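For the numbers below, each heavy atom of this structure counts, side chains included, while hydrogens, waters and symmetry mates do not. Note that the structure is predicted; figures quoted are calculated from it, not measured.
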Amino acid sequence: ADIESIGAYLGGLNLEQGGLHSAAVSSYQRALRQPGQFTPTEKIGARLADLKKRHPDAFSDGAGSPPPQNRPRNMP
C-alpha cells in the first residue's frame, strides 16, 4: 500500500504545482484511500485543506469521479 499511496501523493504534488488542482485533489484522495505505514497522511490532509481554501472549485467539479466515457447508445 505504501508504494501506491506515496506514488499518488507525489503525483498530487506534481499536479498541484502544474496548476491541475482537480486532478491533484483526486490523487491526494486516492493516496488516503489505502494509506500504508509510511504514507504522509498529515501532509496530504494539509494539502487538501489548503487546496480547499485556495481552489474550492477543485472539489466541486467531480474530483475523484472517473471521466465520462462515450458509449454507443442502444438502438430500439
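- Geometrically, Lys52 engages Phe59 in a cation-pi contact defined by less than 6.0 Å to the ring centre and at most 45° from the axis.
- For the atom pair NZ of Lys53 and CG of Leu48, the computed distance is 12.5 Å after rounding to the nearest 0.5 Å.
- Note that the CD atom of Glu16 and the CG atom of Asp50 stand 6.5 Å from one another [nearest 0.5 Å].
- Using a 4.5 Å heavy-atom threshold, the side chains of Leu51 and Tyr28 count as touching.
- Rounding to the nearest 0.5 Å places CD of Gln34 at 13.0 Å from CD1 of Ile3.
- Of all heavy-atom pairs spanning Asp57 and Ser22, the tightest one is O-OG, 4.4 Å.
- Residues Leu10 and Leu20 fall into different hydrophobic clusters, defined by Ile, Leu, Val, Met, Phe, Trp and Tyr side chains chained together at heavy-atom separations under 4.5 Å.
- Residues Ser27 and Gly12 approach most closely at OG-N, 3.2 Å, considering heavy atoms.
- One finds the CG atom of Leu32 at 11.0 Å from the OH atom of Tyr9 (value rounded to the nearest 0.5 Å).
- Comment: Glu4 does not engage Arg33 in a salt bridge, judged by the lack of any side-chain N to carboxylate O separation of less than 4.0 angstrom.
- Distance alone, capped at 3.5 Å, places no donor-acceptor pair between the Ser5 side chain and the Thr39 backbone.
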